[in-house]
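As a basis for the values below, the full set of heavy atoms in this structure was taken, side chains included, without hydrogen atoms, waters or symmetry mates. Predicted model, so just to flag it, every value in this text is computed and none were measured.
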Amino acid sequence: AGEALAAALSEVDKIDRLIAESIRTAGERPGRETLADINGEIRRYNRAREYAELRYYYLIVTREAMGIRRHKTVEETYRIPPKRKYL
């Protein structure tokens with residue numbers, strides 16, 4: 001469950017870097033990145049984030065089923081980033 005969450009968070013981070021790059025270069029290359037394209041990536045980011053949230057929930061449930069009741073380390077290790085707002 002932890003590996004699935006780590007992979008999901010890695011995907012969220014990858015999309016986030018892509019969005020940041022698109023926003024940064026949008027002014028440098030007019031016509032290359034449109035607002036609709038960037039918002040599409042933000043939509044993809046938010047969906048990937050929701051998937052990571054679900055994986056986080058599964059990890060907590062798995063730990064609880066194993067009798068592990070304290071999750072502070074998990075909370076610190078696997079931070080779910082906030083949703084992104086559309087431009």
Side-chain angles (χ1 to χ4, degrees):
E3 289 175 4
L5 174 56
L9 286 172
S10 176
E11 180 67 16
V12 170
D13 185 54
K14 183 177 100 177
I15 297 168
D16 191 45
R17 283 185 270 120
L18 180 71
I19 292 168
E21 178 67 18
S22 295
I23 291 171
R24 187 182 67 74
T25 61
E28 298 171 6
R29 301 178 299 179
R32 290 287 307 233
E33 297 292 336
T34 66
L35 193 58
D37 294 335
I38 294 171
N39 281 334
E41 289 300 315
I42 291 173
R43 185 175 305 107
R44 193 173 124 207
Y45 167 90
N46 286 334
R47 275 190 252 135
R49 183 196 164 278
E50 287 174 8
Y51 180 77
E53 257 185 338
L54 183 62
R55 296 290 146 205
Y56 180 85
Y57 171 76
Y58 290 162
L59 176 59
I60 296 300
V61 168
T62 301
R63 289 172 54 90
E64 292 272 336
M66 293 171 48
I68 303 169
R69 303 283 185 250
R70 295 189 180 143
H71 309 293
K72 186 169 178 62
T73 304
V74 173
E75 292 170 5
E76 293 170 353
T77 303
Y78 300 108
R79 296 229 181 247
I80 305 293
K83 281 186 174 183
R84 288 193 72 128
K85 295 183 180 183
Y86 296 105
L87 303 179

**Q** Who pairs with R79 by side-chain contact (heavy atoms from CB on, under 4.5 Å), at least two apart in sequence or on another chain?
**A** E76
**Q** Membership question, hydrophobic clusters at under 4.5 Å side-chain separation (ILVMFWY): are L59 and M66 in the same one?
**A** no
**Q** Side chain to side chain contact (heavy atoms under 4.5 Å, CB included) for I68 and T62? Distances and angles first, verdict last.
**A** CA-CA 9 Å; I68 303 169; T62 301; over 6 Å; no
**Q** Hey, could you give me the OG/CD1 distance between S22 and I42, rounded to the nearest 0.5 Å?
**A** 9.5 Å
**Q** Indicate the atoms forming the closest heavy-atom contact of E53 with I80, along with that distance.
**A** CG-CG2, 3.8 Å
**Q** For a quick test of your reading: what N or O donor-acceptor pairs under 3.5 Å do the side chains of residues 4-20 make, sequence neighbours left out?
**A**
residue: D13; atom: OD2; partner: R17; partner atom: NE; Å: 3.2
residue: D13; atom: OD2; partner: R17; partner atom: NH2; Å: 3.2
residue: D16; atom: OD1; partner: R84; partner atom: NH1; Å: 2.4

**Q** What's the shortest heavy-atom distance between E50 and K83, and which atoms?
**A** OE2-NZ, 3.8 Å
**Q** When rounded to the nearest 0.5 angstrom, what distance separates CZ in R44 from CD in E41?
**A** 4.5 Å
**Q** With a 6.0 Å cut-off (strictly less than), is the heavy-atom count around CZ of R70, excluding the residue itself, greater than 12?
**A** no
**Q** What are the two closest heavy atoms between L87 and N39, and how far apart are they?
**A** N-OD1, 2.7 Å
**Q** Do E21 and T25 come within less than 4.5 Å of each other through their side chains, counting heavy atoms only?
**A** yes
**Q** Taking the side chain as everything from C-beta on, heavy atoms only, tell me whether Y86 gets closer than 4.5 Å to N46.
**A** yes
**Q** Do E75 and Y56 make a side-chain contact, defined as non-hydrogen atoms from C-beta onward lying under 4.5 Å apart?
**A** yes
**Q** Once salt bridge (Lys or Arg N to Asp or Glu O under 4.0 Å) is applied, do any residues pair with R55, and if so which ones, sequence neighbours excluded?
**A** none
**Q** Please say yes or no: joined through hydrophobic side-chain contacts below 4.5 Å, possibly via intermediate residues, are V61 and L54 part of one cluster?
**A** yes
**Q** Please find the pair of heavy atoms, one from R69 and one from E64, that lie closest to each other, and give the distance.
**A** NH1-O, 2.6 Å
